[in-house]
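Numbers for residues simply follow the sequence, beginning at 1. No experiment lies behind these values; they were computed from the predicted model shown. When reading the values below, keep in mind they use all heavy atoms of this one structure, side chains included, and skip hydrogens, waters and symmetry mates.
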Amino acid sequence: MDERAMAPIGNCRGSTVFRSRSHAAGGAARAGPSPAAVPPPCSLPSRPVLALRSPAAARSVVPMEAGAEAEPLLPPRRWRAGRGLRRERGGARSAAEDGAGADNDLYINQAIVFIEDAIQYRSINHRVDSKSLWLYRWYYSRTCQWILSLTITVILALAFVEEPSSLTVTSDVRYRLPAWNPPCGLTEGLELLCFLLFVADVSVKSYLIGWKEFWKNKWLMAYILTLIVSLADWIVSLSFFCKESVRIRRILRPFFLLQNSSMMKKTLKSINSTLPEMASVLLLLAVHLSLFTMFAMLLFARTKDNQQDKEWVAYFRNLPDSLTSLLVLLTTANNPDVMIPAYSKNRAYSIFFILFTVLGNLFLMNLLTAIIYNQFRGYLLKSVQSSLFRRRLGIRAAFEVLSSLKETPASAQQSCASVGALLQVLQKAEMDSRCKQAIVTSLKVYSCDQLSAAQFQKLFEELDRDAIKQHPPSPEYQSHFMQKMQFAFGHPCFGYLGNVVALANIISICVVLVMDADKQPSERDDFFLGAINCFFILYYLLEMLLKILAMGLKRYLSYPSNRFDGLLTVILLILEIATFAVYGFPHPGWRPEFMGLLSLWDMVRLVNMLIVFRFLRIIPNMKFMALVVTTLLDLVKNLRAFAGILVVVFYAFAITGIMLFKGAVVPLGNTSAANTTRDNVTLQCGTYEQLEYWPNNFDDFAAAVVTLWDVMVVNNWQVFLDAFSRYSSPWAKIYFVAWWLISSVIWVNLFVALLLENFIHKWDRRCQRESLSGIEYQRTVELMFSRI
């Protein structure tokens with residue numbers, strides 16, 4: 001439903017009647033009194049409102065066609081009064097009043113669901129009768145959603161266990177032992193259980209949105225189709241006693257993750273919206289690659305001089321090899337190797353390769369990044385606005401149902417909601433306790449018992465605000481000496497002193513490591529390093545205790561940097577005590593034999609690694625570094641949608657790679673790869689065999705994922721192109737080029753776009769140069785990934 005196409009044209013008691021903007025401009029409303037006949041209501045925001053059916057109908061929110069009017073939320077006040085829906089003055093409750101009481105309970109439950117929809121940015125386009133509301137809240141409860149998430153995790157994780165199993169120590173084809181494969185029926189039973197839960201999931205979703213909306217929802221129809229194909233493939237698998245080589249349902253598994261995340265769907269839609277612009281640049285890139293390929297084949301054509309033909313033999317023997325060589329050069333993975341044979345004959349040949357790299361890598365690839373950033377940023381803003389509109393729509397729908405309660409004064413000519421009813425809704429709704437408390441506190445400010453639509457909407461603006469953490473107060477000491485101690489050890493300079501001491505600790509560790517770098521373990525004396533560690537750990541413990549004394553335990557723990565610092569200090573203290581208990585105190589010639597779980601050198605190394613990690617405490621004290629780290633942490637928290645899409649793509653390509661290349665790589669033998677010959681030909685430097693890339697294969701799922709990661713990084717990815725073309729088929733290059741395009745070109749550029757967006761807005765906020773729209777956009781960008 002396009003809610004933005006609806007505009008208010010009049011008011012009934014407890015309802016707002018809408019029509020399309022085109023009708024509002026050219027005709028009168030077909031339902032409800034005209035605006036001139038009704039006194040103006042309390043100030044209502046000019047936002048579209050989705051009207052609900054009357055309680056006597058099958059209460060579901062039904063989408064309206066453009067130009068059609070919505071049914072009123074409740075019948076007009078005079079109609080209800082004429083039907084005997086008033087209270088009896090004598091105090092006795094009539095049957096009509098009992099029905100009205102039941103309607104009141106229904107309206108309260110509807111308001112609760114609409115508020116929860118607004119909190120989670122969900123659409124209110126679903127059934128709202130009493131049974132459906134109970135089912136809806138149960139479906140979106142934490143327990144149910146946790147079960148659904150666990151089911152998705154289990155069915156995705158089956159790829160690590162089922163044949164070919166990844167349960168081996170190494171993936172190197174030379175040393176890998178036969179993996180344990182589960183018996184037929186074990187993983188298939190888990191799959192069937194997951195499929196049954198997915199069937200229940202899609203059934204509940206389809207029921208809640210209604211039959212008409214189901215046929216409009218392409219994701220649900222694809223969900224059902226995926227389940228049908230998966231179940232059919234599952235039956236085929238059992239009929240072959242799990243011996244079939246191709247399982248289609250494995251490739252379809254990532255869809256279950258994809259359809260369960262609205263943000264991942266938004267991201268896919270964003271990528272789809274950028275495809276036309278990306279296609280134009282990719283087409284230009286293809287033209288650039290093709291033209292230079294033809295030039296290269298003409299420049300480095302075969303001649304009678306064998307010495308001059310080195311470039312032709314190695315890189316430009318035929319069209320596929322020429323295209324592959326220049327495509328790899330586009331990523332600079334084989335630079336300057338591809339240029340050296342020709343460049344050694346004539347320095348002028350370098351102009352060709354430099355020109356190709358400048359035009360392709362520096363201009364076209366970066367232009368693609370700019371286009372993706374620009375298009376994605378625009379769609380991101382629209383997505384955020386759409387989500388915020390859905391939140392406001394849910395809040396307004398809650399106001400509409402609360403304004404129709406029986407407690408509302410019958411003489412009121414404006415839509416108002418009862419404060420008591422809102423408190424009842426807040427008590428039952430699942431929302432953040434901070435927001436709930438803030439709304440309840442704001443309600444106490446209002447003197448009247450009724451809220452207008454504007455007041456109601458303003459109350460829930462608290463949902464869009466970030467929590468401002470209040471640190472507990474410091475303890476108040478009566479002693480003058482303790483007050484001075486508190487001032488001294490609670491001062492920022494004491495923290496700066498701790499940073500200086502931590503830096504001195506790092507420098508001392510570096511000096512000792514440099515001095516002992518070339519020594520054998522039997523020649524190493526751990527006395528000096530052990531004594532240094534003992535001294536600095538005691539200082540860290542003293543610093544932590546003094547800070548707790550000055551700030552109090554609660555205030556000390558309220559700062560994340562203090563929790564990080566204190567946790568590492570406690571771990572270091574425990575390790576140091578354990579070292580002393582096992583190996584004694586440090587002394588000259590301190591080199592005891594191996595005792596316990598770890599040797600003395602292992603214990604010292606572990607302590608030193610934690611000390612180095614503890615040095616990160618300086619980051620909050622360096623503003624620019626803190627800004628960069630904050631941006632990275634926000635990305636880690638907010639990148640669930642992008643990480644989810646990357647998981648989907650990784651999973652699908654890994655399963656496809658297993659189907660195509662499982663068992664393709666065969667080890668040559670136990671001799672050194674540097675001296676190995678195959679078919680009486682010595683292996684060239686830089687090949688798969690000579691570099692000993694044997695662990696990178698597609699013999700199991702975990703190995704396939706690591707191999708795809710190595711290709712995505714594009715360092716030496718030409719080695720994989722060459723190796724799998726030789727071991728399987730020359731057409732294998734298409735698989736790796738497709739993976740490079742999707743992962744390294746598209747997804748990495750999307751990641752760069754999001755990184756730039758986060759950093760630019762944080763930098764603008766730091767420099768205080770934001771416009772009003774910039775402030776609003778900053779707030780929404782920070783919030784949208786965490787809850788949508």
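With S239 contributing its side chain and V236 its backbone, the two residues share a donor-acceptor pair below 3.5 Å. Judged purely by atom type and a 3.5 angstrom limit, K436 uses its side chain to pair as donor or acceptor with the backbone of L426. The main-chain N or O of V128 is never found under 3.5 Å from a side-chain atom of S132 such that the two would form a donor-acceptor pair. Between the side chain of S261 and the main chain of L257, no donor-acceptor pair closer than 3.5 Å is present. The backbone N or O of W138 sits less than 3.5 Å from a side-chain atom of S141, completing a donor-acceptor pair.
In this structure the side chain of Q450 never reaches within 4.5 angstrom of the side chain of Q455, judged on heavy atoms. R390 places none of its side-chain heavy atoms less than 4.5 Å from the side chain of I124. Between F114 and R396 there is no side-chain heavy-atom pair separated by less than 4.5 Å. The closest side-chain heavy-atom distance from F456 to L422 is below 4.5 Å. A 4.5 Å side-chain heavy-atom check between V705 and Y651 finds every atom pair outside the cut-off. Side-chain contact check for F399 versus S452: every heavy-atom pair is 4.5 Å or farther apart. Between Q259 and K205 the shortest side-chain heavy-atom distance falls below 4.5 Å. Between I209 and N125, every side-chain heavy-atom pair lies at or beyond the 4.5 Å cut-off.
Atom-to-atom distance recorded for M264:CE and L646:CG is 10.0 Å, nearest 0.5 angstrom. From L106, atom CG reaches atom CG of L133 across 6.5 Å, with rounding to the nearest 0.5 Å. Of the inter-residue distances, the one linking D117 atom CG with I395 atom CD1 reads 11.0 Å to the nearest 0.5 angstrom. Here K428 contributes atom NZ and I112 contributes atom CD1; the two are 5.0 Å apart, rounded to the nearest 0.5 Å. Between the CG atom in L402 and the CG atom in N104 there is a gap of 10.0 Å [rounded to 0.5 Å]. Distance check, rounded to the nearest 0.5 Å: OG of S743 to CG of L708 gives 8.0 Å.
Taking the six-membered ring for Trp and thresholds of 30 and 60 degrees, W211 and F214 have nearly parallel ring planes, at less than 30 degrees apart. By the 30° and 60° cut-offs, the orientation of the rings of F255 relative to W219 is parallel.
Cation-pi geometry between R391 and Y121 is met: the NZ or CZ atom falls under 6.0 Å from the ring centre, inside 45° of the normal.
Annotation for L741 and V745: closest pair O-CB, 3.2 Å, computed over non-hydrogen atoms. Nearest heavy atoms, A398 versus A111: CB-O, 3.9 Å. Listed here is the closest heavy atom pair of P254 and A652: CG-N, 4.3 Å. Nearest heavy-atom pair, S206 versus V202, reported as atom, atom and distance to 0.1 Å: OG-O, 2.7 Å.
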- prompt: Going through the distances and angles, do D129 and K131 end up as a salt bridge (charged side-chain N to carboxylate O under 4.0 Å, His left out)?
  reply: CA-CA 6 Å; D129 57 279; K131 293 183 179 179; over 6 Å; no
- request: Evaluate side-chain contact (heavy atoms from CB on, under 4.5 Å) for V401 paired with I108, printing each intermediate quantity in order.
  value: CA-CA 8 Å; V401 293; I108 291 293; over 6 Å; no
- request: Just do the side-chain contact (heavy atoms from CB on, under 4.5 Å) check on V113 and H126 with the steps written out, would you?
  value: CA-CA 10 Å; V113 169; H126 54 78; 3.6 Å; yes
task: Begin with the C-alpha distance, continue with both residues' side-chain angles, and end with the deciding distance and a verdict on side-chain contact (heavy atoms from CB on, under 4.5 Å) for I251 and M659.
output: CA-CA 10 Å; I251 304 180; M659 293 179 180; 3.7 Å; yes
message: I'd like to know whether N109 forms a side-chain contact (heavy atoms from CB on, under 4.5 Å) with W134, so could you lay out the CA-CA distance, the side-chain angles of the two residues, the decisive distance to 0.1 Å, and finally the verdict.
response: CA-CA 9 Å; N109 291 330; W134 177 87; over 6 Å; no
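Test E116, R127, R122 against Y136 for side-chain hydrogen bond (donor to acceptor under 3.5 Å, both in side chains) and you get one pass: R122. Screening W739, F701, W747 for a ring pair (Phe, Tyr, Trp, His ring centres under 6.0 Å) with F650, the sole residue that qualifies is W739.
Ion pair E188/R247 flagged as a salt bridge, since at least one NZ, NE, NH1 or NH2 atom sits closer than 4.0 Å to an Asp/Glu carboxylate oxygen.
Annotation for L231: atom CG counts as buried by contact number, over 12 foreign heavy atoms lying within 6.0 Å.
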Result block: side-chain N/O donor-acceptor pairs under 3.5 angstrom for residues 189-201, not counting sequence neighbours:
residue, atom, partner, partner atom, Å
E191, OE1, R249, NE, 3.0
E191, OE1, R249, NH2, 3.1
E191, OE2, R249, NE, 2.8
E191, OE2, R253, NH2, 2.7
D201, OD1, Y139, OH, 2.3
D201, OD2, Y223, OH, 2.8

Using distance only, find each side-chain donor-acceptor pair of residues 146-158 under 3.5 Å and give its atom names and separation, not counting sequence neighbours.
residue, atom, partner, partner atom, Å
S149, OG, Q145, O, 3.0
T151, OG1, I147, O, 2.7
T153, OG1, S149, O, 2.9

